[in-house]
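Computed from a prediction, not measured in an experiment: that's the story for all the values here. Heavy atoms only: backbone and side chains are in, while hydrogens, waters and symmetry mates are out. Residue numbers run from 1 in the order of the sequence given.
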Amino acid sequence: MTVSFTPNLADSCFMPFINTKQFHHDVRTQLTQDIDVLFAYAELPSPLLDACSYVMTGTGKLVRPLLVASAFASTNAHNDIDNATHNKNSMANADGLEALLENDSDYDMCRRAALAVELLHTYSLVHDDLPCMDDDELRRGQPTAHIVFEESTALLAGDVLQTLAFEVLTAEMPTFAPFDSAIASQLFAIFAPRARRMVSGQMLDLNAEATICISQSNLEAIHRDKTGALIEAAMLMGGICAGATAPQRMALQECAQHIGLAFQVQDDILDVTTSTDTLGKPAGSDEKLDKSTYVKLMGVNEATKYAQSLFDDGRAALTRELSGNKDNDALMALIEWLWARQK
């Protein structure tokens, strides 16, 4: 498949936040297009390409790329307001097309970051589902990669998605502006250690299976790496692409740490309260594998209260430096969307 570069400013400029549904639709549409461009660029042999396309084009929630885009949008919007306050004449004096192209370059780095976190996350799911790990047959509402393809192909699909997650940050791909080396180096510095933490967290999770009386602090240590690290990377990478200040980065990181843990607590609750059809993966799998979970430790009611407190802490951290609300701020709206999720 050949992808030609046909610049279209209307399509490539940063999508504004109008409402949650429209913003999420726009991010997902852009991500789908960018996945096609990436796979054409990578020229993977068959059946590796087929397996990668299969796992990357399912019906997932796409939480992590949404976090990247939302953090970018919120930081951009907040800083635009600040800049306008300090320099009321800046917008009147700026050339519209020049300003658009400048923002477009920043947004292309955001597109790369969104792709990177989704590639890494999907690689982790493909490997988690393998017979040597959780041995699951359903993911995102469809048979897992090793069921549809040979196990060796699924393994290699996960491997190449992991490598592409880093390559995409600086790859010379059509429909993308040339990468910004200064931003790219910052993204690598954020992304690489959190990718390593995600794998370490998975190992800790496997070690904790069938562990009797695991403490809450030990359980949180597992999930701050296994689940939280990539959520942390997503929010920070989005902020970096939008030029977040040091205090804004600290606020994004603190928010992400609370939301990442809350996300895992929610997953544990949904695993025992929601059907397989709704989840898109086998319900009750944590119990089947005798995993250590917040529901097992606290019960459903207390785990729900704990998740609520974590979401509250995440909102509070965010409003300290990025004072948006759920009606006009992309990141705050996404947090509300996550709190209300049922899968």
Side-chain angles (χ1 to χ4, degrees), residues 14-15 17 23-24 26-28 30-31 34-35 38 61-79 103-124 161-171 173 176-199 201 224-225 227-260 263 314 317-318 321-322 329-332 334-335 338:
F14 174 67
M15 58 196 69
F17 178 76
F23 185 82
H24 290 192
D26 290 345
V27 172
R28 291 187 175 105
Q30 183 69 67
L31 184 69
D34 291 344
I35 289 169
L38 173 64
K61 296 183 289 296
L62 303 182
V63 169
R64 289 147 191 87
L66 284 170
L67 281 167
V68 175
S70 297
F72 179 91
S74 294
T75 304
N76 245 357
H78 185 86
N79 290 347
N103 290 335
D104 194 44
S105 176
D106 293 341
Y107 178 54
D108 273 10
M109 292 306 296
C110 175
R111 287 167 59 197
R112 292 174 184 271
L115 257 177
V117 296
E118 184 60 17
L119 287 161
L120 194 79
H121 175 59
T122 304
Y123 126 73
S124 74
L161 291 177
Q162 183 188 38
T163 62
L164 284 171
F166 292 89
E167 185 177 357
V168 74
L169 294 176
T170 55
M173 298 184 296
F176 283 82
F179 71 91
D180 185 309
S181 59
I183 294 178
S185 65
Q186 294 179 67
L187 295 181
F188 277 119
I190 291 294
F191 194 39
R194 287 165 178 82
R196 181 252 306 153
R197 282 175 51 199
M198 182 189 73
V199 178
R224 288 191 188 282
D225 283 351
T227 304
L230 193 52
I231 287 176
E232 193 176 309
M235 289 177 61
L236 283 170
M237 290 167 80
I240 285 168
C241 291
T245 63
Q248 287 171 343
R249 293 186 192 191
M250 290 178 64
L252 287 169
Q253 179 167 329
E254 184 180 341
C255 176
Q257 288 170 347
H258 293 305
I259 299 303
F263 191 85
L318 190 63
E321 293 295 334
L322 296 166
D329 182 272
L331 189 51
M332 191 65 78
L334 179 59
I335 291 173
L338 289 173

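Atom-to-atom distance recorded for Arg196:CZ and Arg194:CZ is 9.5 Å, nearest 0.5 angstrom. Note that CD1 of Ile335 is 10.5 Å distant from NE2 of His258, once rounded to the nearest 0.5 Å. Taking CZ of Arg197 as the start and OG1 of Thr227 as the end, the distance is 11.0 Å to the nearest 0.5 Å. Put simply, CD1 on Ile240 and CD1 on Ile190 are 4.0 Å apart, with the number rounded to the nearest 0.5 Å. For the atom pair Leu252 CG and Ile259 CD1, the distance stands at 11.5 Å (nearest 0.5 Å).
Summarising the geometry of Gly239 relative to Ala71, their closest heavy-atom pair is N-CB, 4.0 Å, with the distance given to 0.1 Å. Among all heavy-atom pairs drawn from Cys241 and Ile183, the shortest one is SG-CG2, 4.2 Å. Nearest heavy-atom pair across Val68 and Ala113 is CG1-CB, 3.9 Å. The shortest non-hydrogen separation linking Ala317 to Cys255 is CB-N, 3.8 Å. Closest approach of Phe188 and Pro193 over heavy atoms only: O-CD, 4.0 Å. Nearest heavy-atom pair across Gly201 and Asp225 is CA-CB, 3.8 Å.
A side-chain donor-acceptor contact under 3.5 Å links Arg28 to the backbone of Lys61. Looking only at distances, no side-chain donor or acceptor of Ser70 sits under 3.5 Å from a matching main-chain atom of Leu334. No donor-acceptor distance shorter than 3.5 angstrom exists from the side chain of Arg224 to the backbone of Gly260, with no hydrogens or angles considered. Side-chain atoms of Ser124 come within 3.5 Å of backbone N or O of His121 as a donor-acceptor pair. Remark: side-chain polar atoms of His24 are not paired, donor with acceptor, to backbone N or O of Leu66 under 3.5 angstrom.
In this structure the side chain of Phe176 reaches within 4.5 angstrom of the side chain of Leu115, judged on heavy atoms. Side-chain contact between Leu169 and Met237: present, with at least one pair of heavy atoms (C-beta onward) separated by less than 4.5 Å. Side-chain contact between Val117 and Pro65: present, with at least one pair of heavy atoms (C-beta onward) separated by less than 4.5 Å. Residues Leu331 and Leu67 are in side-chain contact: their nearest non-hydrogen atoms beyond the backbone lie under 4.5 Å apart. Looking only at side-chain heavy atoms (C-beta outward), Arg112 and Met173 come within less than 4.5 Å of each other. Taking 4.5 Å as the limit, some side-chain heavy atom of Thr122 sits within range of a side-chain heavy atom of Glu118. Between Asn76 and Asp106 there is no side-chain heavy-atom pair separated by less than 4.5 Å.
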List the steps, then state whether side-chain contact (heavy atoms from CB on, under 4.5 Å) holds for Leu120 with Gln162. CA-CA 5 Å; Leu120 194 79; Gln162 183 188 38; 3.9 Å; yes

Which is it for Gln253 and Gln257 under the side-chain contact (heavy atoms from CB on, under 4.5 Å) test, yes or no, and what are the steps along the way? CA-CA 6 Å; Gln253 179 167 329; Gln257 288 170 347; 3.4 Å; yes

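For Asp34, the side-chain hydrogen bond (donor to acceptor under 3.5 Å, both in side chains) test picks out Gln30, Arg111, with sequence neighbours left out. For Glu254, the salt bridge (charged side-chain N to carboxylate O under 4.0 Å, His left out) partners are Arg320, not counting sequence neighbours. By the ring pair (Phe, Tyr, Trp, His ring centres under 6.0 Å) test, Phe166 is found to be paired with Phe191, residues two or more places apart in sequence or in another chain being considered.
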